[in-house]
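Below: one structure, written as structure tokens.
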Amino acid sequence: MEVKVKNPWHRPVVIFLACVITAGIIIMVAISVVQYKPLHQKYKYGIVLDAGSSHTSVFIYEWPAEKENNTGMVRQKHTCNVQGKGISSYSDNPMGAGTSLKDCMEEAKQKIPAHRHHETPVYLGATAGMRLLKMENEEASEKVLDSVARSLKDLPFSYQGARIISGQEEGAFGWITVNYLSENLRKPTGTLGALDLGGASTQITFVPQQEIESHDNSIDFRLYGNDYHLYTHSFLCYGKDQALKLSMGKKIESTPKADETHPIELRDPCFHPGYNFTRTAQTVFNTPCMKKVKMANENFFHVGTGNWSQCRQSIRKIFNTSYCPYSRCSFNGVFQPSVSGNFGAFSAFFFVMDFLKLTNDSLDLTKQKLATYCSTPWKEIAETHPHINKKYLSEYCFSATYILTLLEDGYKFTSNNWNDISFIKKRKLTIVLDEADVVVQTTPKSLHQAEVIAVGAVADVSEYLHAIFQIPSIFGK
Ligand SMILES: O=c1[nH]cnc2c1ncn2[C@@H]1O[C@H](COP(=O)(O)OP(=O)(O)O)[C@@H](O)[C@H]1O
Ligand SMILES: [Ca+2]
């Protein structure tokens, strides 16, 4: 006979377990509801590293994965400045270049939801610092690029490449960015020319009113259904840090030595009165922008005299305007059509003119104010700005005088069109993408024969970034 053993605990245990399971389900559902939002906030991301001569910035872009109303707003979600100098400064320690990116890339991992990591493209574009290193020591430049590439490949993101971009590409990117910022590409109105001042190179890019006589200086592409024909030039060695070296180098070479036992005293009108530093000639001549000189190990006294008009004269000497194989030139025999239309001047153009509050004056007033600034004693300048980086601070007189000389004597801006230049901070980038067409072509070909790299609706930014990063490969290299 089967005996049914009645277990008095049976029902309560079942009820208890049911309660626990129900509570568990409720908690899990609640958690997944809470997590549902970020999981299904359908954003996509892209990472671009701008490896400049002085420092590297990491930009994270974000855009909706599904376009509403057929537009996709792209915003710059986050910027991180890599600690330390630019990657080209790691020529003696290439591994350090890759390591230097770690903190910012760790931040990128935090900012981008983990489930998007694997599909987030990451690009690194290096500019003039690496162009110079490549000229000086190609092997070292390759090691540095390998090191940053390795460090980016180690991340969960989708590595797309790390390379030195050409001056033409840099000019084109700058122009596209400036015009995206001002939404010009979406309006039938004119575009803005772009003036970019870096540490090692400077770029000028605009829609010319006359024929481009040298085809190295011409780029054609199609954006948002419009065709653009641009003039662009990048002057390597004419970024503000290299220009300072060129200008000091010229002064040192023409300074007589009092006697063999005393170092040269370089009396520099581009530095404030009372400014006095001992430097090694090495810090001036350690660049492929100048001929190597014998005195590289010697010291010299760098003494400020604070005289704007003399400073201007000394800077003019680094621009060669004595020859021009075209109908017109900017300097150093480089073809340039006359500047026309409005310009956006950014990067160091903005940092310097904004610091000196010279962004809204006439050319004449700018010169007057700058003359007063340059003649102000260094002690007074340093006391007024105790928290500003001393290197930047000591160089603002030189930097602003260089900017004026470059714009006026170099590019031929005059007091009549000076106010066509707006000094602009690159604001957070917002790109509106909808029916955007990107067609890129090599210059010598006509539009019909264009070598089409990317056509059709750029449905998403990774494609846009990709198209942009493809421009170089079509510049006929
Ligand atoms: O706050 C600032 N004041 C003055 N100059 C600045 C400031 N921040 C950055 N810069 C300068 O802007 C320039 C940026 O150049 P970048 O590093 O992009 O070089 P590149 O474009 O020639 O490769 C450097 O000369 C750097 O010293
Ligand atoms: Ca730059």
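Quick note: numbers below take in every heavy atom, side chains included, and nothing from hydrogens, waters or symmetry partners. Starting from 1, each residue takes its place in the sequence as its number. The structure presented is a predicted model; accordingly, all values stated were derived computationally and were not measured. Ligands are counted one by one from 1 in listed order, and the atoms in each one are counted from 1 as well.
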Can you find a side-chain donor-acceptor pair between [X] and [Y] that sits under 3.5 Å?
X    : Y    : value
E138 : S141 : no
S201 : Q203 : yes
S322 : N320 : yes

For ligand 1, which atoms sit closer than 4.0 Å to a heavy atom of [X]?
X    : result
A200 : 22 (O)
K240 : 5 (N), 11 (C), 25 (O), 27 (O)
A128 : 22 (O), 23 (O)
E170 : 21 (O)
G52  : 17 (O), 23 (O)
H55  : 17 (O)

Fill in: Sidechain-backbone polar pair: H272 side chain, S394 backbone, donor-acceptor under 3.5 Å
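Side chain of H272 to backbone of S394, a donor-acceptor pair under 3.5 Å: no, none is there.
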Worksheet item: Does at least one non-hydrogen atom of G198 fall below 4.0 angstrom from an atom of ligand 1?
Response: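 Distance cut 4.0 Å: G198 passes for ligand 1.
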Practice prompt. Please state whether S201 comes within less than 4.0 angstrom of ligand 1, counting heavy atoms only.
Written response: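 Distance cut 4.0 Å: S201 passes for ligand 1.
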For the pair [X] and [Y], name the ring-plane relationship: parallel under 30°, tilted 30 to 60°, perpendicular over 60°.
X    : Y    : result
F319 : Y238 : tilted
Y326 : F335 : perpendicular
F271 : Y275 : tilted

Hey, does [X] come in under 3.5 Å of ligand 1, counting only N/O atoms on both sides?
X    : value
S347 : no
A348 : no
G199 : yes

Looking only at protein heavy atoms, which one is nearest to [atom], and how far off is it?
atom                    : result
atom 23 (O) of ligand 1 : T127 OG1, 2.6 Å
atom 19 (O) of ligand 1 : S53 OG, 2.8 Å
atom 8 (N) of ligand 1  : Y392 OH, 3.3 Å
atom 26 (C) of ligand 1 : S54 OG, 3.5 Å
atom 25 (O) of ligand 1 : D241 OD2, 2.9 Å

Worksheet entry | Sulfur-sulfur distance C311/C374 under 2.5 Å |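 Between C374 and C311 there is no disulfide, given that their SG atoms are not under 2.5 Å apart.
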Discussion item. Tell me whether C397 and C270 have SG atoms closer together than 2.5 Å.
Written reply: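 No, C397 does not link to C270 through a disulfide.
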Worksheet item: Is Y396 touching ligand 1 with its side chain, its backbone, both, or neither, if touching means heavy atoms under 4.0 Å apart?
Response: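 Near ligand 1, Y396 shows its side chain, while the N, CA, C and O stay back.
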Practice prompt. For the pair S309 and N307, evaluate side-chain hydrogen bond (donor to acceptor under 3.5 Å, both in side chains) and give the outcome as yes or no after the intermediate values.
Written response: CA-CA 6 Å; S309 57; N307 183 316; 3.3 Å; yes
Worksheet item: Say you draw a straight line from CD of E142 to OG of S147; how long is it, rounded to the nearest 0.5 Å?
Response: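 The CD atom of E142 sits 13.5 Å away from the OG atom of S147.
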